[in-house]
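One-based numbering, in listed order, for ligands and for the atoms of each. Quick note: numbers below take in every heavy atom, side chains included, and nothing from hydrogens, waters or symmetry partners.
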Amino acid sequence: MEITGKTKIMFVLADPIDHVRASAVMNAYFASIGDDLAVSPIHVLSGDLGRVVACIRLMRNVFGFGVTIPHKTCVIEHLDEITPTARLIGAVNFVKRTAEGRLVGDNLDARGFIASLAQHDVAVRDRKVLQVGAGGAGRATAFGLAEAGAREITIMNRNGEKARALAAAVAAHYPATKVSAGRADARTFDLIVNTTSLGMKPDDPLPLDIEGVGPGATVSDIIVNPAITRLLARAAAQGARAIGGKPMLDAQMALVARFVAR
Ligand SMILES: NC(=O)c1ccc[n+]([C@@H]2O[C@H](COP(=O)([O-])OP(=O)(O)OC[C@H]3O[C@@H](n4cnc5c(N)ncnc54)[C@H](OP(=O)(O)O)[C@@H]3O)[C@@H](O)[C@H]2O)c1
């Protein structure tokens with residue numbers, strides 16, 4: 001990759017920094033579409049976030065920056081504007097720097113997730129969805145599913161209070177969708193989504209029991225690495241449709257490319 005004065009520069013702000021792979025994924029994606037864009041991870045401690053963001057405002061060849069753990073929520077107070085989607089989810093994962101130096105935060109997880117399902121011809125409208133997990137990504141997918149017209153969403157999470165709070169927030173905003181929290185029999189759902197981190201390690205237990213889930217159902221696991229989690233392998237072996245997390249990430253890259261086009 002040749003970085004010149006014409007290259008659009010972007011960052012990914014994180015702490016710790018060692019685990020960050022988003023910058024490599026973004027660089028590979030932008031190179032593959034021939035976009036002259038380079039992304040560097042930047043190690044930023046929470047206490048320095050405001051000052052770092054203020055400096056980025058002054059960097060005229062910076063087009064935006066991704067934010068990840070632990071900055072997804074705290075970054076909001078340092079921005080000029082956030083999109084309605086980011087406000088609903090309560091977190092930002094990408095910030096666009098306009099030509100005037102205004103910083104606009106968005107959360108691309110929800111749209112990336114719904115776009116990945118659409119790419120696989122998986123309908124969400126009027127479908128019954130079981131979501132496991134109510135963390136940062138789970139908040140985004142739940143709002144995304146409701147926005148896409150899911151008829152019913154059940155949210156299961158180890159911490160039940162978080163699942164109930166998320167269900168209440170989604171229900172308040174999308175009254176046409178029936179949203180609840182608690183355990184459920186996976187066999188009665190059209191779409192089952194894992195948004196927990198269970199499945200990243202080879203010896204992780206399955207995030208939920210999918211025995212009996214077969215043809216006619218779709219199982220989505222938003223984990224990117226491994227590409228085929230144990231849950232997905234089990235779903236595919238049982239004849240269900242299995243969709244991994246990479247297409248969700250790729251769809252977000254396409255959104256970033258559009259977001260920073262100026
Ligand atoms: N494909 C994509 O584009 C994309 C985008 C964002 C995230 N992700 C992936 O999504 C996953 C979650 O990310 P996140 O940002 O939402 O993380 P997070 O905010 O830390 O949430 C983690 C979720 O996993 C649950 N969990 C963790 N360990 C568990 C265990 N041992 N047993 C049961 N539940 C457990 C948590 O439950 P509690 O609430 O009970 O702790 C919570 O629901 C990660 O694998 C991440 O890489 C993918």
### Query
Heavy-atom count around I228 CD1 within 6.0 Å, excluding the residue itself: above 12?
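Open.
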Using a 3.5 Å cut-off on N/O to N/O, what pairs does ligand 1 make with the protein? A line per pair would be great.
unit_1   : atom_1 : unit_2 : atom_2 : d
ligand 1 : 1 (N)  : I222   : O      : 2.8
ligand 1 : 1 (N)  : G245   : O      : 3.0
ligand 1 : 3 (O)  : Q252   : NE2    : 3.2
ligand 1 : 16 (O) : G136   : N      : 3.2
ligand 1 : 16 (O) : A137   : N      : 2.8
ligand 1 : 19 (O) : G136   : N      : 2.9
ligand 1 : 24 (O) : S197   : N      : 3.3
ligand 1 : 31 (N) : R158   : NH1    : 3.3
ligand 1 : 37 (O) : N157   : OD1    : 3.2
ligand 1 : 39 (O) : N157   : ND2    : 2.9
ligand 1 : 39 (O) : K162   : NZ     : 2.6
ligand 1 : 40 (O) : R158   : NE     : 3.1
ligand 1 : 40 (O) : N159   : N      : 2.9
ligand 1 : 41 (O) : R158   : NH2    : 2.9
ligand 1 : 43 (O) : A134   : N      : 3.0
ligand 1 : 43 (O) : G135   : N      : 3.4
ligand 1 : 43 (O) : N157   : OD1    : 2.7

### Task
May I have the step-by-step check of side-chain hydrogen bond (donor to acceptor under 3.5 Å, both in side chains) for Q119 and D250, ending in yes or no?
CA-CA 11 Å; Q119 278 163 18; D250 288 345; over 6 Å; no
Would you check if the side chain of [X] reaches a backbone N or O of [Y] as a donor-acceptor pair within less than 3.5 Å?
| X | Y | answer |
| --- | --- | --- |
| T73 | G90 | yes |
| D190 | K128 | yes |
| N61 | I9 | no |

#### Entry: Side-chain touch V25/L249, heavy atoms, less than 4.5 angstrom
yes
